[in-house]
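Here it is: the structure, laid out below.
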Amino acid sequence: MKLQHLIATGILAVATAGAGYYAYPHLLRAPLVTTSIASLAPVSEAVYGTGTVEPERWAKVVPLQRRRLVELCRCEGQVVKAGQVLGRQDDAEERSALDQMEINRGQLERDLARAEKDRDKNDAGRTEYEQRWTKLEETKSRIAAQKVRLDSLLLRAPLDGMVLRRDGEVGEIAGPTDVLFWVGPPAPMQVVAEINEEEINRIAAGQKAFLRSEAFPGRALRATVSQITPKGDPTRKTFRVYLRLPQDTPLRIGMSAEVNIISREKPAAVVVPAEAVAADSVQTVDDGRIRRVPVKVGIRGNRNIEIIGDISKGTPVLSPARTDLADGARIRIDGSLTRAVEPAAVSEPADQPGATPEATVVASATTAPSDPDDAVISAAMTAHIDSVVNDARRNLISNSR
């Protein structure tokens with residue numbers, strides 16, 4: 001009995017020692033954290049939208065009636081003058097009616113000439129003359145109206161410019177809902193973008209913007225806000241914004257483009273990853289212990305955030321923030337994961353079904369481009385890529401639920 005008690009006591013002692021050995025590194029050692037280095041970099045805030053490249057002046061050519069097409073010019077890319085005939089609808093019935101009216105008018109003119117000779121002989125002659133004159137005038141009015149109907153079957157250029165596009169073929173039936181020609185000066189061009197109504201108050205004429213097109217991957221294309229439509233679309237909850245393109249833009253009419261309008265920008269700001277900020281503060285490391293530093297958040301985005309406070313370039317901050325650790329708690333830093341704040345490499349964004357990112361922000365690389373505008377453009381482009389990918393994923397997840 002005593003032997004069994006000694007054996008049990010020994011087993012308990014071994015178990016206690018093992019538990020203590022296990023608990024020392026896991027319970028008594030300081031928790032392991034990862035950090036990022038606050039960086040000084042250009043930062044910008046952009047409002048995102050999508051748009052289409054169009055000439056600043058252009059017009060659609062649509063038929064007024066639903067008829068068969070009998071003539072269409074082969075004039076895409078050609079310069080035309082306002083009023084020039086581009087096509088014609090079937091007008092055989094109208095022309096036949098006009099011919100009959102012309103014949104009738106000729107007969108009425110001859111009858112009126114004969115009645116004019118007897119007009120002054122008596123009252124009957126005067127009455128007959130007036131009746132024949134009235135019939136002739138009515139016929140002339142009908143002929144003029146018929147000519148207008150005939151002219152409405154001609155498709156004319158609405159303004160001087162170039163035939164930008166032609167649709168439809170001879171023999172097809174086209175009506176008022178069918179656009180057969182796009183006509184307008186090919187330059188200057190603009191992008192007509194749709195902006196969420198929640199963001200429109202941050203946009204003003206004269207603001208810089210950059211565009212991104214799948215036809216020119218990785219290339220920032222510039223534009224300038226020229227006009228904001230006074231009335232929004234209550235159904236789509238968007239406002240139309242016009243952005244003027246420079247003369248040397250490589251974009252072509254009809255291309256779609258992603259639009260980032262720079263609403264705020266700074267040439268240099270202290271930025272940290274968004275995950276490093278919690279409860280308006282960041283956690284720095286001072287002699288192996290956490291020190292909570294209150295900060296104000298400036299321009300923010302999905303990836304990086306501008307912070308204003310007692311944080312300077314090169315300061316390590318916990319990333320992600322550890323709200324579970326008290327101020328002054330001892331910690332260990334995983335040095336292999338410490339990194340400076342840098343933007344993602346410019347690349348093709350992921351597919352963006354239904355994504356409408358909010359304001360985005362990113363700090364460019366620590367070595368900023370020599371041209372401040374280029375720095376802003378590069379920063380906004382990097383922001384947009386991260387924002388689009390993140391928001392697209394969130395939308396896909398929410399839509400699948």
| query | Between Gln100 and Ala97, is there a donor-acceptor pair closer than 3.5 Å when you use the side chain of the first and the backbone of the second? | reply |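 The answer is no, because no donor-acceptor pair under 3.5 Å joins these two groups.
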| request: Taking all non-hydrogen atoms of both residues into account, name the closest pair between Leu318 and Ile290 and its distance. | output: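 Scanning both residues completely, I find the closest heavy atoms to be CD2-CD1, 4.0 Å.
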| said: Under a 3.5 Å threshold, yes or no: a donor from one side chain and an acceptor from the other, between Ser281 and Arg292? | reply: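 A donor-acceptor contact under 3.5 Å links the two side chains.
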| said: If we ignore hydrogens and angles and just use 3.5 Å, is the side chain of Thr249 paired with the main-chain N or O of Pro246 as donor and acceptor? | reply: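 Not confirmed, Thr249 side chain does not pair with Pro246 backbone.
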| request: Kindly give the heavy-atom pair with the smallest separation between Leu245 and Ala223, and that separation in Å. | output: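 Smallest heavy-atom distance, with atoms named: CD2-CB, 4.0 Å.
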| message | Looking only at side-chain N and O atoms, does Thr238 offer a donor or acceptor that is under 3.5 Å from a partner on Glu194? | response |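 Short answer, yes.
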| message | Taking disulfide (SG to SG under 2.5 Å) as the cut-off, I'd like each qualifying pair that reaches into residues 58-154, sequence neighbours left out, listed once. | response |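 Only Cys73-Cys75 qualify under disulfide (SG to SG under 2.5 Å).
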| field | Presence of salt bridge, Glu169 and Arg74, under 4.0 angstrom | value |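 Salt bridge between Arg74 and Glu169, a charged N being under 4.0 Å from a carboxylate O: yes.
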| request: For residues Asn260 and Val47, determine if any side-chain heavy atom of one lies less than 4.5 Å from a side-chain heavy atom of the other. | output: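 Not in contact.
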| Using a distance-only test with no angle check, is there a side-chain donor-acceptor pair under 3.5 angstrom linking Glu275 and Ser319? |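 Yes, Ser319 and Glu275 have a side-chain donor paired with an acceptor closer than 3.5 Å.
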| field | Side-chain heavy atoms of Arg66 within contact of Ile173, under 4.5 Å | value |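 Yes. Closest side-chain heavy atoms under 4.5 Å.
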| query | Does the side chain of Met255 reach to within under 4.5 Å of the side chain of Ile253, using non-hydrogen atoms? | reply |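 A side-chain contact is absent here, since even the closest heavy-atom pair is not under 4.5 Å.
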| Does a side-chain heavy-atom distance below 4.5 Å link Glu109 with Arg105? |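 Of all side-chain heavy-atom pairs linking Arg105 with Glu109, at least one is under 4.5 Å.
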| said: Show the nearest heavy-atom pair for residues Ile200 and Glu197, with the distance to one decimal. | reply: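 The pair with the smallest heavy-atom distance is CG2-O, 3.3 Å.
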| message | Testing the 3.5 Å rule here: is there a donor-acceptor pair between the side chains of Asp111 and Gln107? | response |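 A donor-acceptor contact under 3.5 Å links the two side chains.
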| Between Leu164 and Gly184, what is the shortest heavy-atom contact and its length? |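 Where Leu164 meets Gly184 most closely, the heavy atoms are CD2-O, 3.8 Å.
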| task | In plain terms, say whether Glu306 and Lys266 are close enough for a salt bridge, that is, a side-chain N and a carboxylate O under 4.0 Å apart. | result |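 Counted as a salt bridge, because a side-chain N and a carboxylate O are separated by less than 4.0 Å.
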Do any side-chain atoms of residues 143-153 form donor-acceptor pairs under 3.5 angstrom with protein atoms, and if so which ones, sequence neighbours left out?
{"from": "Gln146", "atom 1": "OE1", "to": "Arg149", "atom 2": "NE", "distance (Å)": "2.9"}
{"from": "Gln146", "atom 1": "OE1", "to": "Arg149", "atom 2": "NH2", "distance (Å)": "2.5"}
{"from": "Gln146", "atom 1": "NE2", "to": "Glu94", "atom 2": "O", "distance (Å)": "2.9"}
{"from": "Asp151", "atom 1": "OD1", "to": "Arg156", "atom 2": "NE", "distance (Å)": "3.3"}
{"from": "Asp151", "atom 1": "OD1", "to": "Arg156", "atom 2": "NH2", "distance (Å)": "2.7"}
{"from": "Ser152", "atom 1": "OG", "to": "Gln65", "atom 2": "NE2", "distance (Å)": "3.3"}
{"from": "Ser152", "atom 1": "OG", "to": "Arg149", "atom 2": "O", "distance (Å)": "2.6"}

| task | Check whether any side-chain heavy atom of Ile331 lies under 4.5 Å from a side-chain heavy atom of Ile333, and answer yes or no. | result |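 Yes, at least one pair of side-chain atoms sits under 4.5 Å.
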| salt bridge (Lys or Arg N to Asp or Glu O under 4.0 Å) between Glu138 and Lys135: does it pass, once the steps are laid out? | CA-CA 5 Å; Glu138 290 177 350; Lys135 289 182 178 180; over 6 Å; no
| message | For Arg322, is there an ion pair with Asp324 - N to carboxylate O distance below 4.0 angstrom? | response |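 Yes, this pair counts.
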| With distance as the sole criterion, is a donor-acceptor pair present between the side chains of Ser263 and Arg202 under 3.5 Å? |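 Yes.
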| said: Please determine whether a side-chain nitrogen of the Lys or Arg among Arg57 and Glu54 lies less than 4.0 Å from a carboxylate oxygen of the Asp or Glu. | reply: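 No.
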| task | Please indicate whether Asp327 has more than 12 foreign heavy atoms, meaning atoms of other residues, nucleotides or ligands, lying under 6.0 Å from its CG. | result |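 Yes, because the 6.0 Å sphere around CG of Asp327 holds more than 12 heavy atoms from other groups.
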| query | For atom CZ of Arg165, is the number of surrounding heavy atoms from other residues, nucleotides or ligands below 6.0 Å larger than 12? | reply |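 Check fails, neighbour count at 12 or below.
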| query | Does Asp286 reach the main-chain N or O of Arg289 with its side chain, forming a donor-acceptor pair under 3.5 Å? | reply |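 Judged by distance alone, no pair lies under 3.5 Å.
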| request: State, yes or no, whether a side-chain contact exists between Tyr242 and Val225 at a heavy-atom distance under 4.5 Å. | output: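 Not in contact.
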| said: When you measure from the side chain of Thr134 to the backbone of Glu130, do you find a donor-acceptor pair of N or O atoms at a distance under 3.5 Å? | reply: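 Yes, because the side chain of Thr134 sits within donor-acceptor range (under 3.5 Å) of the backbone of Glu130.
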| field | NZ/NE/NH1/NH2 to OD/OE distance under 4.0 Å, Arg132 and Glu128 | value |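 Yes.
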| said: For a side-chain contact (heavy atoms from CB on, under 4.5 Å) check, start with the C-alpha distance between Val272 and Val277, then their side-chain angles and the critical distance, and finish with the verdict. | reply: CA-CA 8 Å; Val272 297; Val277 181; 3.8 Å; yes
| task | Specify the closest pair of heavy atoms between Ala59 and Pro158, including all atoms of both residues, with the distance to one decimal. | result |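 Here Ala59 and Pro158 meet closest at CB-CG, 3.5 Å.
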| query | Minimum heavy-atom separation for Pro188 to Gln247, with atom names? | reply |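 Closest pair (atom of Pro188, atom of Gln247, distance): CB-NE2, 4.1 Å.
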| Is any side-chain heavy atom of Leu155 closer than 4.5 Å to a side-chain heavy atom of Pro63? |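 Leu155 reaches Pro63 side chain to side chain.
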| task | State, yes or no, whether a side-chain contact exists between Ile262 and Glu265 at a heavy-atom distance under 4.5 Å. | result |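 Side-chain contact under 4.5 Å: yes.
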